[in-house]
Amino acid sequence: MQLVTVKEIYRETDRFLNQKVELSGWVRTVRTSKTFGFIEINDGSFFETIQVVFDESLDNFIEIGKLTISSAIRIQGELVSSPGAKQPFEVKAETIEILALSAADYPLQKKRHTFEYLRTIAHLRPRTNTFAAVFRLRSIVAYAIHKFFQDRGYVYVHTPIITGSDAEGAGEMFRVTALDMALAPKDDSGHIDFSKDFFGRETSLTVSGQLNVETYCMAFRNVYTFGPTFRAENSNTARHAAEFWMIEPEIAFADLSDNMNLAEEMMKYIIQYALDNAPEEMAFFNKFVDKTLFDRLENILSSEFVRVTYTEAVEMLQKEDVNFEYPVRWGMDLQTEHERYLTEKIFKKPVFVSDYPKDIKAFYMRLNDDNKTVAAMDLLVPGVGEIIGGSQREERLDLLQKRMQESGLNAEDYWWYLDLRRYGGVKHAGYGLGFERVIMYLTGMSNIRDVVSFPRTANSCEF
RNA sequence: UCCUCGAUAGCUCAAUGGUGGAGCAACCGGCUGUUAACCGGUAGGUUGUAGGUUCGAGUCCUACUCGGGGAGCCA
């Protein structure tokens with residue numbers, strides 16, 4: 001009797017056909033007749049289920065027929081080719097052992113549930129087809145990202161989760177404190193005295209690893225971070241979460257064009273990797289979640305990403321005969337409706353928009369020679385919108401200091417960041433890729449809450 | 001945070017201001033190759049919460065809570 005997984009049976013069917021096998025897994029569905037029945041089980045190793053046929057020759061036939069969904073069982077039997085149309089093979093059971101009987105009020109039924117309902121039972125939803133596919137893909141894509149960078153010699157840097165820089169500028173921050181807030185020590189002006197706190201200063205959860213990873217970029221040349229990020233923004237959209245994962249590569253001796261080349265190569269690599277290594281899951285998404293998925297992904301793999309400057313994009317949008325809620329005008333940030341129009345209507349594929357006005361972008365972005373724009377780039381993709389935001393960094397100390405001053409930042413807080421410009425600081429660039437947004441893009445899932453195991457959003461931290 | 005729509009059985013949804021229903025799930029029974037199996041039966045409800053209008057409220061009004069969609073912020 002060979003102990004096998006469902007994945008092994010599907011991938012190496014010839015090895016197991018007409019052999020005795022032993023399987024264990026969870027019941028997805030049971031169908032019975034007077035003298036025989038069928039069980040489909042999923043053993044966790046594979047997206048697909050396997051059908052088990054059983055009949056009254058089993059001494060526990062009656063009990064088996066009453067198995068509830070999600071009960072755990074062990075089956076011994078023979079793998080045989082199946083006369084049924086929907087599966088190539090099945091297991092003819094000789095013994096079925098009930099390992100754990102699931103209660104009858106198991107909330108998942110043999111029918112389609114809404115994603116909204118499944119979010120209320122996030123501890124059970126990975127047992128559904130959709131979420132099993134999403135989270136196996138998420139694991140595979142995380143590995144693909146590491147593989148992409150590691151194969152190219154990048155060093156993976158673990159940047160800190162707790163940060164003392166209180167103005168990274170990327171968003172609202174969650175405070176980290178060991179103080180009892182009810183008894184917090186106050187200073188003379190009545191504000192909480194964080195010098196008495198654990199770190200002796202005010203600290204927060206990171207909103208980006210970028211500033212830290214730039215320091216390692218100046219040592220290892222090509223580096224990346226991949227870790228959790230926290231934003232305390234009261235964002236209530238399908239593509240924002242308070243806790244999410246971000247990939248942030250940083251490359252030295254490189255400019256904005258190199259940065260976009262890297263982003264494009266990485267995106268294509270990830271897509272190809274997902275198609276090659278999760279074919280069942282991807283086929284499922286294409287069939288049940290987004291019927292245009294494969295066409296969309298194939299189109300991306302076989303074409304070059306569009307590259308336009310912000311100024312060109314504004315001109316193109318102004319020429320279109322469309323009534324935008326917010327008219328396009330040079331100097332304002334592109335609204336979601338403009339970004340979507342660019343990527344979904346005009347180009348119908350991923351678009352890099354670069355060289356934004358300096359006033360709407362972060363202080364660390366490199367000032368262009370026109371003195372009006374900075375070497376920033378966003379990658380916009382159909383369906384998701386902004387998936388990457390990046391820039392060439394300002395490596396010239398005097399200009400960086402000037403920009404910080406204009407942005408109202410205290411240069412002393414960034415002394416180590418400025419040091420990089422004094423000690424062999426060269427041109428360098430990098431970007432942040434929202435991991436969940438990649439998963440959304442690869443699966444067609446339209447809500448970020450459905451690609452995070454236990455999503456944390458404003459007013460929601462169950463589980 | 002703003003705009004908008006919604007909340008009725010375990011799930012998905014019906015119900016003109018006038019006795020709250022269906023399908024699926026559950027439970028009981030039937031069925032010799034099923035595929036979200038099928039057939040028959042049983043049980044299941046303080047209509048999100050708190051007020052108000054009315055002879056009478058699931059239905060109308062107010063507030064709150066939670067959720068969907070859109071916007072801002074961004075990845």
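Keep in mind that this is a model prediction, so the values were computed, not measured. We use all heavy atoms of the structure for the numbers below, so side chains are in, but hydrogens, waters and symmetry mates are not. Lettering follows sequence order; numbering is per chain, from 1.
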Check whether the side chain of A:Gln109 and the base of B:G10 form a donor-acceptor pair under 3.5 Å.
yes
Do A:Arg296's NZ or CZ and the ring of A:Tyr441 fall within the cation-pi criteria of under 6.0 Å and 45°?
yes
Closest approach to the side chain of A:Ser460, judged atom by atom: which nucleotide of B:G29, B:A71, B:G67 is it?
B:G67
When rounded to the nearest Å, what value does the distance between P atoms of B:G58 and B:U49 take?
12 Å
Determine whether the side chains of A:Tyr341 and A:Gln335 contain a donor N or O and an acceptor N or O closer than 3.5 Å.
no
For the residue pair A:Asn368 and A:Thr373, confirm or rule out a side-chain donor-acceptor distance under 3.5 Å.
yes
So what does A:Gln335 touch, heavy atoms closer than 4.0 Å: a base, only the sugar-phosphate, or nothing?
sugar-phosphate
Between B:G67, B:G72, B:G10, which nucleotide gets closest to the side-chain atoms of A:Arg119?
B:G67
Determine the contact category for A:Ser82: base if any of its heavy atoms lies under 4.0 Å from a base atom, sugar-phosphate if only primed atoms, P, OP1 or OP2 are that close, otherwise nothing.
base
Looking at the base of B:A36, is there any donor atom on it, or on the side chain of A:Arg112, that sits under 3.5 Å from an acceptor on the other one?
no
Please pick, from B:C31, B:U12, B:C27, the nucleotide with the shortest atom-to-atom distance to any side-chain atom of A:Lys111.
B:U12
Measuring only the P atom in each nucleotide, how far is B:U1 from B:C38? A whole number of Å is fine.
46 Å
How many whole angstroms separate atom CD1 of A:Ile69 from atom P of B:C11?
15 Å
Would you mind classifying the nucleic acid contact of A:Gln51 as base, sugar-phosphate or nothing, using non-hydrogen atoms under 4.0 angstrom?
base
List the atom of A:Phe463, the atom of A:Arg456, and the distance in Å for their closest heavy-atom pair.
O-NH2, 2.7 Å
Output the single nucleotide from B:C31, B:C73, B:G29 whose closest atom is nearest the side chain of A:Lys34.
B:C31
For B:G33, does OP1 or OP2 lie under 4.0 Å from any side-chain N or O of A:Ser33?
no
CD-OG1 distance between A:Glu386 and A:Thr336, expressed to the nearest 0.5 angstrom:
9.0 Å
Under 3.5 Å on both distances, the Watson-Crick or G-U partner of B:A7:
B:U65
Note: for A:Thr35 and A:Asn234 on RNA chain B, the residue whose nearest nucleotide lies more 5' is A:Asn234
Does NZ belonging to A:Lys92 count more than 12 external heavy atoms closer than 6.0 Å?
yes
Rounded distance in Å between the C1' positions of B:C39 and B:C13:
24 Å
Whole angstrom value for the distance that separates P of B:C73 from NZ of A:Lys361
10 Å
Send over the distance from A:Tyr117 OH to B:G6 C1', rounded to a whole Å.
19 Å
A:Ile247 near the nucleic acid: base, sugar-phosphate alone, or nothing, with a heavy-atom cut-off under 4.0 Å?
nothing
Where the side chain of A:Ile448 is defined as all heavy atoms beyond and including C-beta, which of B:G68, B:A75, B:G33 is the nearest nucleotide?
B:A75
What contact category does A:Ala241 fall into here, base, sugar-phosphate, or nothing, at under 4.0 angstrom with non-hydrogen atoms?
base
Report the base-pairing partner of B:A22 (Watson-Crick or G-U wobble, both distances below 3.5 angstrom), or none.
B:U12
Roughly how many Å apart are B:G45 and B:U8, using the C1' atom of each and rounding to a whole number?
8 Å
Under a 3.5 Å cut-off for both distances, is B:U1 Watson-Crick or wobble paired, and to whom?
B:A71
Whole-Å distance between B:C73 P and A:Tyr356 OH?
12 Å
Distance only, no hydrogens: is a donor on one side chain within 3.5 Å (strictly under) of an acceptor on the other, for A:Glu280 and A:Tyr10?
no
Looking only at the side chain of A:Arg239 (C-beta and beyond, no hydrogens), which of the listed nucleotides B:G67, B:C31, B:A71 gets closest?
B:A71
Would you indicate what A:Glu462 reaches in the nucleic acid, counting non-hydrogen atoms under 4.0 angstrom: base, sugar-phosphate, or nothing?
nothing
Parallel, tilted or perpendicular, as decided by the 30° and 60° cut-offs, for the rings of A:His113 and A:Tyr117
tilted
Could you measure between the two P atoms, the one in B:U59 and the one in B:U53, and give it in whole Å?
15 Å
Donor-acceptor pair (no angle test) under 3.5 Å: A:Ser235 side chain, B:C74 base
no
Within less than 4.0 Å of OP1 or OP2 of B:A36, is there a side-chain N or O belonging to A:Lys86?
yes
Check every atom of B:U12, B:C74, B:C66 against the side chain of A:Arg231 and return the nucleotide holding the closest atom.
B:C74
Of all the choices, B:C11, B:G68, B:A75, which nucleotide is nearest to the side chain of A:Asn447 once you look at every atom?
B:G68
Counting only Watson-Crick or G-U wobble pairs whose two distances fall under 3.5 Å, which nucleotide matches B:G44?
none
Could you check A:Thr29 against A:Asn236 and say which one's nearest nucleotide on RNA chain B is further toward the 5' end?
A:Asn236
Whole-Å distance, A:Glu325 CD to B:C2 P, equals 17 Å
Which nucleotide wins on minimum distance to the side chain of A:Met246, given the candidates B:A75, B:G68, B:U12?
B:A75
Between B:U12, B:G70, B:U34, which nucleotide has the shortest distance from any of its atoms to the side chain of A:Arg31?
B:U34
Does A:His240 make a side-chain donor-acceptor contact with the base of B:C74, cut-off 3.5 Å?
yes
For the pair made of CD in A:Glu233 and C1' in B:C73, what is the distance, rounded to whole Å?
5 Å
Check if the side chain of A:Glu116 and the base of B:G69 share a donor-acceptor pair of N or O atoms closer than 3.5 Å.
no
If the plane angle is over 60° it's perpendicular, under 30° parallel, otherwise tilted; pick one for A:Phe131 and A:Phe135.
parallel
Using the six-membered base ring of B:A75, report whether A:Phe244 stacks on it, requiring centroids under 5.5 Å and planes under 30° apart.
yes
Report which part of the nucleic acid A:Pro107 touches: base, sugar-phosphate, or nothing (heavy-atom distance under 4.0 Å, all strands).
nothing
Quantified in whole Å, what is the C1' atom distance between nucleotide B:G17 and nucleotide B:A26?
35 Å
What contact category does A:Phe38 fall into here, base, sugar-phosphate, or nothing, at under 4.0 angstrom with non-hydrogen atoms?
base
How is A:Leu108 classified with respect to the nucleic acid when contacts are heavy atoms under 4.0 Å: base, sugar-phosphate, or nothing?
nothing
Under 6.0 Å from the ring centre and within 45 degrees of the ring axis: does the NZ or CZ of A:Arg152 meet both conditions for the six-membered ring of A:Phe148?
yes
Using the C1' atom on both, measure B:C61 against B:G23 and round to a whole Å.
34 Å
Which value, in whole Å, describes the distance between the P atoms of nucleotides B:U4 and B:G41?
48 Å
